[in-house]
Undergrad: 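This is the structure I want to talk about, given as structure tokens.
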Number of protein chains: 2
Amino acid sequence: MKNKKTTIKEVAKKAGVSISTVSLVVNNLPYVSAEVREKVTNAIKELNFYPRRNARGLASKTSGNIGFILTENHFSQAEPFYTKIFLGTEFEARKHRYYVLLTTVAPTRTENEEIPRFLLEENVDGVIIAGKIHQSWIEEVQNRNLPLVLIDFEVSRQGVSSVLIDNAEGIHKAVDYLTKSGHREIGFIGGDIKHPSIKSRFTAYKQTLSEKGIEVRQDLISIDQTDTAIENGFVAAKKVMEISGKKPTAIIAANDAMAIGAIRFLKSSGYMVPKDVSVIGFDNVDAAEHVSPKLTTVHVPKEEMGAIAVKRLVEKIQKIDNVTMKTFVGVDLVLRDSTKVLSSKEVIPVK
Amino acid sequence: MKNKKTTIKEVAKKAGVSISTVSLVVNNLPYVSAEVREKVTNAIKELNFYPRRNARGLASKTSGNIGFILTENHFSQAEPFYTKIFLGTEFEARKHRYYVLLTTVAPTRTENEEIPRFLLEENVDGVIIAGKIHQSWIEEVQNRNLPLVLIDFEVSRQGVSSVLIDNAEGIHKAVDYLTKSGHREIGFIGGDIKHPSIKSRFTAYKQTLSEKGIEVRQDLISIDQTDTAIENGFVAAKKVMEISGKKPTAIIAANDAMAIGAIRFLKSSGYMVPKDVSVIGFDNVDAAEHVSPKLTTVHVPKEEMGAIAVKRLVEKIQKIDNVTMKTFVGVDLVLRDSTKVLSSKEVIPVK
DNA sequence: CTAATTTATCGAAACGTTTCGATAATATTG
DNA sequence: CAATATTATCGAAACGTTTCGATAAATTAG
């Protein structure tokens, strides 16, 4: 069925009403009699009418778009954590009749950094920022009075909502599982420790061990890598195995990439995973199922995070709910092959 | 620096010229004196002016957007082959000052299937379709007189360009490598054989073997899976190992997912990869580096495919080159750990 | 019954650009 | 020198909707 590019004028003519009346019907607005509404609806169908996005946008000062911003390094990262989140936003946005425009910005900010064009052109009605980002980008959005939702990042700033991972719960579940499986020498490796998620995973690791009366041993910890890439997991695991006295029987990594790197180090150094050392990751990216052994990991519902962010943003755009919100998405421990039960009885420290 | 939402009117006033003259300067069009051009440019900078996308769109009957369509199953597939292509389009589109709008459609087509909203709203200037798609979606785009580029798919239809994988070259390189490594019993597993890429990979497999004087054995082939998912690789490899007389020393899979499935079957059945059977995949998705052993595979430059598609489409949109083009992207064999050299001397069949 | 309120329909301005034709000045060609 | 072509600048219509206020009819309340 060919689209004949009809306009609202032709619909009005065919239905015998004014353009204004047609607009009321198209937008499902009141003060149109049932009889007229039916006539207009029929004309719309017969003429296969669909309003143009541009014209609606100009007249109503809206764009129908949501901006999605992330940093360049997150954009190109091998493990598609943020692309899953993006796909989640796209699917949910569609339900609300929004398009999602994707862009990247530099991780740091200099004077002449290019501002996303969709901000300059006023081509988005709200913005989602995924991951850690320089504060000046947040200011750039807020200065334009655009609704903003952050994903996996938070700032103490008025009017910014966040969709966050319940990192503490995830790490708690991981430590809990390990201690219930008989592990006491549990290490932690991480990178980019200033990232709020990594920081809170590390805090939760120490806190949960303390709650269980297990000593937090510094020689089982390595968290000074610049980022959470695979190769930094390799290096961090290497350091832990080198400096630790009594070796860990389990290592919790700040994310799956570092867990994979840790497994690579361990295997290449003659340790067997999980026979000698269990490894747990965080995120549950696709690779977790492909590495050998398959990675036990804390599953983060990435597409759901994207969907929730869209819901929050659309509410802000439509001014349904102006409350600043922090939404924590629950996590689950997915048991695969990289963890081993040492003993079925939880070890209770003797003192 | 706060954006004060200035309009072209204010720029005109400040520069002491007309709106039309400002528009000529903004769009870098001729018939403006150098003196006036400088005055206007200064005013634009001082007022931090940026034209609205909506207004420009309405006036020029353009959207500034490119539509990106793929099927729902491709959208949600675990291995992010098409998301890599999408990311490639986004990066390239940005250079040409286009936004990319992503959507999915059903793999098949029924009467009341929803047409992508960006087509209905005339909100794209051209469309990229990635992967195999029902012909009616192609018609839906062409009926709207929109420029169209297909990725990893082709149809014998007027005016449709394609960015394709040089499947034959990839398979040729894989077979060549294997035969040069001493393999003669080389199997092939595939699914969704009607997909042009898969079909041409299979054809190339047979053809290259024949060129080398190696018999194409039907008992080393399994290609009747419905799609190229991991579990179908498992099943196809199982079938090949069950029905074949002299067992294969190598299996070429139609894609990485099936290669991974094949490795899983082989390992779970007591075979060692590559000691007993070498495995080669196609695509080089992220998982190829994570499976054990790491997968030898034909690398497809996915982001480049996306970038090329955007370039072709932008040319079509701007009517720079209306020629229908097929662009084949080169591929490379990436040697990892899943292939073994049987003998360093290429086996030349004795007859 | 009358006044007040709600419902129904419409005309036209507005949204912010692009672009075409009008007008005039300048440059080139025969 | 005159005719023709090019360059420069501008006014206003157009693009296709939304939406506000005008006008009138219908309904409700006192």
Side-chain angles (χ1 to χ4, degrees), chain A residues 3-41 43-44 47-65 97 117-118 120-125 318, chain B residues 3-41 43-44 47-65 97 117-118 120-125 318:
Chain A
N3 180 27
K4 295 158 75 89
K5 293 181 181 176
T6 54
T7 70
I8 199 167
K9 276 176 181 147
E10 283 137 309
V11 176
K13 198 166 188 177
K14 190 172 183 72
V17 297
S18 74
I19 291 164
S20 321
T21 302
V22 176
S23 182
L24 290 174
V25 174
V26 165
N27 290 290
N28 218 22
L29 291 169
Y31 297 165
V32 180
S33 72
E35 180 195 345
V36 164
R37 193 178 295 271
E38 190 185 339
K39 276 202 301 180
V40 172
T41 302
I44 287 169
L47 296 174
N48 203 28
F49 171 71
Y50 217 100
R52 305 304 187 269
R53 180 67 257 172
N54 279 339
R56 308 189 87 174
L58 183 59
S60 62
K61 293 193 170 212
T62 60
S63 67
N65 302 324
R97 320 201 117 249
R117 193 165 50 93
F118 57 52
L120 297 172
E121 296 189 325
E122 292 191 10
N123 200 21
V124 290
D125 299 332
Q318 292 169 357
Chain B
N3 181 25
K4 294 160 75 101
K5 293 179 181 176
T6 54
T7 69
I8 200 167
K9 276 174 182 148
E10 283 137 307
V11 176
K13 196 168 189 175
K14 186 170 186 71
V17 297
S18 74
I19 290 167
S20 320
T21 302
V22 177
S23 183
L24 291 174
V25 175
V26 165
N27 289 291
N28 217 23
L29 291 169
Y31 298 165
V32 179
S33 73
E35 181 194 345
V36 164
R37 194 178 295 270
E38 191 186 339
K39 276 203 301 184
V40 172
T41 300
I44 287 169
L47 295 173
N48 203 29
F49 170 70
Y50 218 98
R52 302 312 183 266
R53 180 69 257 171
N54 280 337
R56 308 189 88 173
L58 183 59
S60 62
K61 293 193 171 209
T62 61
S63 67
N65 302 325
R97 318 202 120 246
R117 192 167 51 94
F118 58 53
L120 298 170
E121 295 189 325
E122 291 190 10
N123 199 22
V124 290
D125 299 333
Q318 290 168 359

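Worth saying up front: this structure is predicted, and the values here are computed from it rather than measured. A note on names: the letters A, B, ... follow the listed sequences, proteins ahead of strands, and every chain is numbered from 1.
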Undergrad: Quick one: does B/Asn27's side chain get under 4.5 Å of B/Ser23's, heavy atoms only?
TA: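 With C-beta onward as the side chain, the pair touches.
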Undergrad: Please classify the nucleic acid contact of B/Ser33 as base, sugar-phosphate, or nothing, using heavy-atom distances under 4.0 Å.
TA: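 It contacts sugar-phosphate atoms only.
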Undergrad: Let me know, please, whether B/Lys61 or B/Ala34 comes out on the 5' side of the other along DNA chain D by nearest nucleotide.
TA: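 By nearest-heavy-atom nucleotide position, the 5'-most residue is B/Ala34.
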Undergrad: Can you work out whether A/Thr7 or B/Gly16 has the more 5'-proximal nearest nucleotide on DNA chain D?
TA: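 Taking each residue's closest nucleotide, the earlier one in sequence belongs to B/Gly16.
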Undergrad: Are side-chain heavy atoms of B/Asn28 and B/Arg37 found at a separation under 4.5 Å?
TA: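 Result yes, sub-4.5 Å side-chain heavy-atom pair found.
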Undergrad: Does any non-hydrogen side-chain atom of A/Arg56 lie less than 4.5 Å from one of A/Val26?
TA: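 The answer is yes; the side chains approach within 4.5 Å.
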Undergrad: If each of A/Arg37 and A/Ile19 is mapped to the nucleotide of DNA chain C with the nearest heavy atom, which maps nearer the 5' terminus, i.e. the 5' end?
TA: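 So the residue in question is A/Arg37.
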Undergrad: Does B/Lys39, at its NZ atom, have more than 12 non-hydrogen atoms belonging to other residues, nucleotides or ligands within less than 6.0 Å?
TA: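 Enclosed: over 12 neighbouring heavy atoms sit under 6.0 Å from NZ of B/Lys39.
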Undergrad: Give me the first and last nucleotide of DNA chain D, going 5' to 3', that has any atom under 4.0 Å from a heavy atom of chain B.
TA: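 It runs D/dT7 to D/dG16.
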Undergrad: Got B/Thr62 and B/Glu122 here, is their nearest side-chain heavy-atom distance under 4.5 Å?
TA: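 They are not in side-chain contact.
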Undergrad: Got a sec? Which of residues 25-32 of chain A come in under 4.0 Å of DNA chain C, heavy atoms?
TA: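 Only A/Tyr31, A/Val32 qualify.
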Undergrad: How about B/Arg52 and A/Leu58: do any of their side-chain heavy atoms sit closer than 4.5 Å?
TA: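 SC-SC contact between B/Arg52 and A/Leu58 ruled out.
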Undergrad: Taking atom NZ of A/Lys13 as the centre, does the number of heavy atoms from other residues, nucleotides or ligands within less than 6.0 Å exceed 12?
TA: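 Check fails, neighbour count at 12 or below.
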Undergrad: Quick one: CZ on B/Phe49 to CD1 on B/Ile8, what's the gap to the nearest 0.5 Å?
TA: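 These two atoms lie 5.0 Å from each other.
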